[in-house]
2 protein chains.
Amino acid sequence: MTPAAERVLEVAGKLFYDNGIHAVGVEAIASEAGVTKKTLYDRFGSKDALIAHYLRRRDERWREHVIRVVEQRGRIAPARRLLLVFDALEQWIAEENPRGCAFVNAHAELPDAAHPGRDVIREQKQWLLEYLRTLAREVGVRNPRKLATSLLVLIEGANVTSTLGVVPGAVGNAKEVAKQLIESS
Amino acid sequence: MTPAAERVLEVAGKLFYDNGIHAVGVEAIASEAGVTKKTLYDRFGSKDALIAHYLRRRDERWREHVIRVVEQRGRIAPARRLLLVFDALEQWIAEENPRGCAFVNAHAELPDAAHPGRDVIREQKQWLLEYLRTLAREVGVRNPRKLATSLLVLIEGANVTSTLGVVPGAVGNAKEVAKQLIESS
DNA sequence: CTTCGAGTAAACCGACCGGTATGGTTACTA
DNA sequence: TAGTAACCATACCGGTCGGTTTACTCGAAG
C-alpha cells in the first residue's frame, strides 16, 4: 500500500461513511486526498474495488476495537467478558459510528449480490457471530450458538435504534437484556 | 392524488426500495410509470419530496400490516398479542422486505438531517415504539416503556440480521427472547 | 361554450458521473 | 547509469443527473 493509496483509502473511508457511497464521486475522493484520478485508478482499479477496500479496512478496525475492549482485562468471569461486547459497541458508536453500521448502510446501497463489497459485509457479521459464539462457549451455556444469535440480534438492534435516535439508551438496554439472557441460559 | 401521480408513487416505491434511492433517477421512474418528467415534477415538486412521499406511503402500509396482524384475533391474552408483532415482522420480511428496513436503508442514504424524508423515518420508528408501549401497558408489566424499548431493539435487530442473511431464524429467535422478557417483567 | 387542470412530447440546461489517455517528474534501485 | 514504480497535471470520453421550458391535447365542470 503506497502512501498515496493510503491517503485515498483514508479519505474514502470518511467520505463514504459520512455521505453514503453513491453520493461520493471518485473525483472528490482523489482531490480530497491530494491525488489524481489516475493514481486512484492505478492503485484500486475501480470504484467498486475501492468500496470493497473501504469496507475491509473498516471491518479490521472494528474487530481490533472489539477484541481490545473485551480482552483488555486479564482475569474476568466469562459471562462478564461476553457483556463487554456491548461496552465495545457503545464506545464504537460514540467515537466512530454516528451514522450507524457502515456495513448495514453499505448493504442498503449495494443491491447487487455480486458486488465485491457484499462479501466483506457478510464476513463482518459472520465474524461477530463466531466471536460471540466462542465467548458464549467459554461461559458454558447449554446452547452457545443460540445465545450468540440472540446477542447478535441485540447488538445489531441496539446499533440501529441508537443511530436512528429514537431510543437514547438502546445499547445499555440491550446489555441488560443480554445479561438476563446469559444468566438464564 | 391523480392517477398518474399514483403510478409514479407506486413505481418509485419499487425502484427506490429495490435499487436504493440515489441509484434511481427521476427519468427512470417517470418512464417506468408511463409519465413524463413534467408530470412527475408537477405532482411532487422535487425528487426529495418524492422520496418523502415514498417513505410516508411505505410507513402507512407497514402500520396497517402490523395492526392487521396484531388485532385480527378477537379475544387473546395481551402478552400473546404483544408477541404477534414478531409474526407481523416475519410476514412483512417474507412478503415485502427482502432488502431490509426501507427506513434504515433510506437513513443510510440521507445524511442530511434537514431532508424531508428524515422526519418520516423518525416518525416510523417512534410510532412502533409507542405502539409497543401501548401493548406493553395492556399486559400490565411494571415498566412498559422499558419493555417497549427492549422489544424495539429486538425487532430492529431481527430485521437487520435476517436481511443480511447471517442468521436465518433471527425473527423467531428474537420472538423467543421477547417471550422470556415479557414473562420476567 | 369556454375555461382549466391534467396530461403528453421533446428539447434543453449546466453539472457531474466513472473511467481513460497522454505526457511529464521524482526518487529509489538493480 | 539505466530502468522502473509512483506520482502529478490536464484533457477528454460517452452517458446520466435533477430540473426547466415550450407547445400541444383532452375531457370535464362551470
Side-chain angles (χ1 to χ4, degrees), chain A residues 1-57 105-106 108-112 114-118 120, chain B residues 1-57 105-106 108-112 114-118 120:
Chain A
M1 188 78 69
T2 66
E6 198 66 48
R7 258 149 47 215
V8 167
L9 201 48
E10 189 179 339
V11 167
K14 179 169 167 43
L15 294 183
F16 280 154
Y17 181 74
D18 289 344
N19 305 102
I21 292 173
H22 280 329
V24 177
V26 289
E27 194 117 32
I29 295 171
S31 85
E32 182 88 5
V35 156
T36 59
K37 278 208 288 181
K38 172 108 174 22
T39 300
L40 188 152
Y41 274 91
D42 284 347
R43 295 298 130 241
F44 297 97
S46 69
K47 186 185 182 181
D48 287 334
L50 178 59
I51 292 168
H53 272 92
Y54 145 64
L55 291 170
R56 187 79 66 185
R57 169 66 62 98
N105 292 357
E109 293 204 73
L110 306 177
D112 179 11
H115 192 287
R118 289 286 292 265
V120 189
Chain B
M1 189 79 70
T2 66
E6 197 67 48
R7 259 150 45 217
V8 167
L9 202 48
E10 190 179 338
V11 167
K14 181 171 165 43
L15 294 183
F16 280 154
Y17 182 74
D18 289 344
N19 305 102
I21 291 173
H22 280 328
V24 177
V26 289
E27 194 118 31
I29 295 170
S31 83
E32 183 88 5
V35 156
T36 58
K37 280 208 286 179
K38 169 123 181 357
T39 300
L40 188 152
Y41 274 91
D42 284 348
R43 296 298 129 240
F44 296 98
S46 69
K47 185 186 183 182
D48 286 335
L50 178 59
I51 292 167
H53 272 94
Y54 145 65
L55 291 170
R56 186 78 67 184
R57 170 66 61 97
N105 291 358
E109 294 204 72
L110 307 176
D112 179 10
H115 192 286
R118 289 286 292 265
V120 189

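This one's a predicted model, so the numbers in the text were calculated from it and none came from an experiment. The chains referred to below are lettered A, B, ... by the order of the sequence lines, with proteins before strands, and numbering in each begins at 1.
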Original post:
CZ/Arg118(A) to CG/Asp112(A) distance, rounded to the nearest 0.5 angstrom?
Top reply: 7.5 Å
Original post:
Between the main-chain N or O of Thr2(A) and the side-chain N or O of Arg43(A), is there a donor-acceptor pair closer than 3.5 Å?
Top reply: no
Original post:
Distance-only, no hydrogens or angles: does the Arg57(A) side chain make a donor-acceptor pair with backbone N or O of Leu9(A) under 3.5 Å?
Top reply: no
**OP:** With a 4.0 Å heavy-atom cut-off, tell me which residues in residues 9-38 of chain B come close to DNA chain C, sorted by residue number.
**Re:** Gly34(B), Val35(B), Thr36(B), Lys38(B)
**OP:** Using a cut-off of strictly less than 4.0 Å, decide whether Thr2(B) has a side-chain nitrogen or oxygen near OP1 or OP2 of dG5(C).
**Re:** no
**OP:** Take the protein atom CZ of Phe44(A) and the nucleotide atom P of dG18(C), then report the distance between them rounded to whole Å.
**Re:** 15 Å
Original post:
What integer distance in Å separates Tyr41(B):OH from dT8(C):P?
Top reply: 16 Å
Original post:
Rounded to the nearest 0.5 Å, what separation is found between the NE2 atom of His22(B) and the CG atom of Leu110(B)?
Top reply: 6.0 Å
Subject >> Rounded distance (nearest 0.5 Å) linking atom CD1 of Ile29(B) with atom CD of Glu10(B) >> reply: 13.0 Å
Using residues 11-20 of chain A as the side-chain source, report each donor-acceptor pair under 3.5 Å to any protein atom, sequence neighbours left out, with the distance given to one decimal.
{"residue": "Lys14(A)", "atom": "NZ", "partner": "Asp18(A)", "partner atom": "OD2", "Å": "3.1"}
{"residue": "Tyr17(A)", "atom": "OH", "partner": "Asn97(A)", "partner atom": "O", "Å": "3.3"}
{"residue": "Tyr17(A)", "atom": "OH", "partner": "Asn97(A)", "partner atom": "OD1", "Å": "3.3"}
{"residue": "Tyr17(A)", "atom": "OH", "partner": "Arg99(A)", "partner atom": "N", "Å": "2.8"}
{"residue": "Tyr17(A)", "atom": "OH", "partner": "Gly100(A)", "partner atom": "N", "Å": "3.0"}
{"residue": "Tyr17(A)", "atom": "OH", "partner": "Gly100(A)", "partner atom": "O", "Å": "2.7"}

**OP:** Find the distance Glu6(B):CD to dG7(C):P and express it as a whole number of Å.
**Re:** 11 Å
**OP:** Rounded to the nearest angstrom, tell me the gap between atom CZ in Arg43(A) and atom P in dG19(C).
**Re:** 16 Å
Original post:
Quick one: how far along DNA chain D does chain A reach, first to last nucleotide 5' to 3', anything under 4.0 Å to a heavy atom?
Top reply: dA6(D) to dA9(D)
Original post:
Would a 4.5 Å heavy-atom cut-off, applied to side chains only, mark Asp42(A) and Lys38(A) as touching?
Top reply: yes
Subject >> Distance (rounded to the nearest 0.5 Å) between His115(B) NE2 and Leu55(B) CG >> reply: 8.5 Å
